[in-house]
Amino acid sequence: MCIVLAASVLAVACANTPAGSPAQAQADAATASRVSAALNDDPIFFFRHVEVSIDHGVASLTGIVWTTDALYRAQQITRGVPGVTRVVNRMELERPQRTGGSG
């Protein structure tokens, strides 16, 4: 009985939150701004090539970073921003290009 009641309450609560409501879109935009600001404030890594999008609190990070440490740091920073419920990493690790002759 308790499980059925809990499932019913959860279903009703989720049904009352419009999927694409203006309030949700505004909240996601505000969260994306906070994430971008937090990334750009990092004193160690350069995150200007990382794009942030938020959908119902789920942050998607895309773009380029140059080290695995930067990749993990971007995820850590994003997780710490209020409003982020989960982080999806779609960033690419830029590999250094070889320079010099074939000599």
Side-chain angles (χ1 to χ4, degrees):
M1 177 70 178
C2 289
I3 294 173
V4 172
L5 180 60
S8 298
V9 170
L10 182 60
V12 169
C14 291
N16 289 336
T17 305
S21 72
Q24 183 64 52
Q26 186 177 15
D28 286 342
T31 302
S33 292
R34 287 192 303 272
V35 170
S36 293
L39 289 171
N40 290 326
D41 285 347
D42 187 79
I44 298 171
F45 295 106
F46 183 81
F47 292 117
R48 302 274 182 206
H49 293 80
V50 174
E51 297 292 322
V52 178
S53 63
I54 307 288
D55 186 18
H56 288 81
V58 178
S60 293
L61 303 177
T62 58
I64 299 171
V65 292
W66 283 265
T67 67
T68 54
D69 287 342
L71 188 140
Y72 293 128
R73 179 69 179 139
Q75 291 175 312
Q76 180 185 37
I77 290 169
T78 303
R79 278 188 201 99
V81 173
V84 173
T85 58
R86 188 171 62 118
V87 178
V88 176
N89 174 13
R90 294 193 173 112
M91 294 178 287
E92 295 180 34
L93 185 59
E94 181 69 16
R95 306 275 185 218
Q97 296 182 2
R98 295 177 68 148
T99 58
S102 60

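Listed by chain and residue number, R90 satisfy the side chain to side chain donor-acceptor pair (under 3.5 Å) test with S60 (two or more places apart in sequence, or in another chain). Partners of T31 according to the side chain to side chain donor-acceptor pair (under 3.5 Å) rule, which considers only residues two or more places apart in sequence or in another chain, are R34. Here D42 pairs with R73 under the salt bridge (charged side-chain N to carboxylate O under 4.0 Å, His left out) rule; sequence neighbours left out.
The stretch residues 60-69 participates, sequence neighbours left out, in no salt bridge (Lys or Arg N to Asp or Glu O under 4.0 Å) pair at all. Within the structure, salt bridge (Lys or Arg N to Asp or Glu O under 4.0 Å) pairs that include any residue of residues 43-54 do not occur (at least two apart or interchain).
V88 belongs to a hydrophobic cluster with V58, counting contacts under 4.5 Å between side-chain heavy atoms of Ile, Leu, Val, Met, Phe, Trp and Tyr, direct or through other members. When hydrophobic residues (I, L, V, M, F, W, Y) are linked wherever their side-chain heavy atoms come within less than 4.5 Å, the members clustered with I54 are V35, L39, I44, F45, F47, V50, V52, L61, V65, L71, Y72, I77, V81, V84, V87, M91, L93.
Here the straight-line distance linking atom CG of D55 with atom CD of Q24 works out to 7.5 Å at 0.5 Å rounding. With values rounded to the nearest 0.5 angstrom, I64 atom CD1 is found 6.5 Å from H49 atom NE2.
Heavy-atom contacts from other residues, nucleotides or ligands closer than 6.0 Å to CD of E92 number 12 or fewer.
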